[in-house]
Amino acid sequence: MKETENNIAQLFRNDTILFAAFLVIACSVMIFAFTQIIDLVTIAAVHYLIIVVLGISIVAMTWAVTAVLRHLKKHKDQIYRQDLRCLDQIAAQKCQQHQIVHEQEVETAS
């Protein structure tokens with residue numbers, strides 16, 4: 001049981017790191033793209049519009065990522081236990097398939 005709790009904590013930690021990395025990279029790309037666009041525009045009102053759109057986009061993306069992380073944190077036992085069960089089933093199926101293949105190889109070698 002302790003191992004399952006540790007696995008759940010590790011999976012949640014990994015997802016948190018991935019979401020944070022995604023957010024940083026996505027915001028960096030958006031800022032870079034918007035700074036390139038701003039250089040092409042000569043009208044001040046459009047500059048402000050671009051800055052507002054960039055701000056709204058970054059806030060919305062940050063809000064969405066934090067909402068997903070809050071959901072994962074709130075329901076991590078349900079979500080990650082199901083993931084671990086599925087991973088265990090996949091591993092058992094692979095082990096069974098390897099055993100069948102090994103038995104067939106032994107039979108053909110005989």
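- Between L54 and I38, the closest side-chain pair of non-hydrogen atoms is not below 4.5 Å.
- Note that CD1 of I51 and OG1 of T35 are 11.0 Å apart. Values are rounded to the nearest 0.5 Å.
- To the nearest 0.5 Å, the span separating CG on L49 from NE2 on H47 amounts to 11.0 Å.
- When each of L72, I17, N7 is checked for a side-chain contact (heavy atoms from CB on, under 4.5 Å) with F12, only L72 meets the rule.
- Heavy atoms of other residues, nucleotides or ligands lying less than 6.0 angstrom from CD1 of I43 number 12 at most.
- Across every non-hydrogen atom of T4 and R81, the tightest pair is CG2-NH1, 3.1 Å.
- To the nearest 0.5 Å, the span separating CG on D83 from CG on D15 amounts to 8.0 Å.
- With contacts defined as side-chain heavy-atom distances shorter than 4.5 Å, the pair V53/F34 qualifies.
- Donor-acceptor pairing under 3.5 Å is recorded for the side chains of Q10 and N14.
- Here the OG-CD1 distance, from S57 to I50, works out to 11.5 Å after rounding to the nearest 0.5 Å.
- For residues 69-78, the set of pairs meeting the side-chain hydrogen bond (donor to acceptor under 3.5 Å, both in side chains) definition, not counting sequence neighbours, comprises H75-Q78.
- We find the CD1-CD1 distance between I58 and I56 to be 11.0 Å, quoted to the nearest 0.5 Å.
- Interatomic distance, N6 CG to E3 CD, rounded to the nearest 0.5 Å: 8.0 Å.
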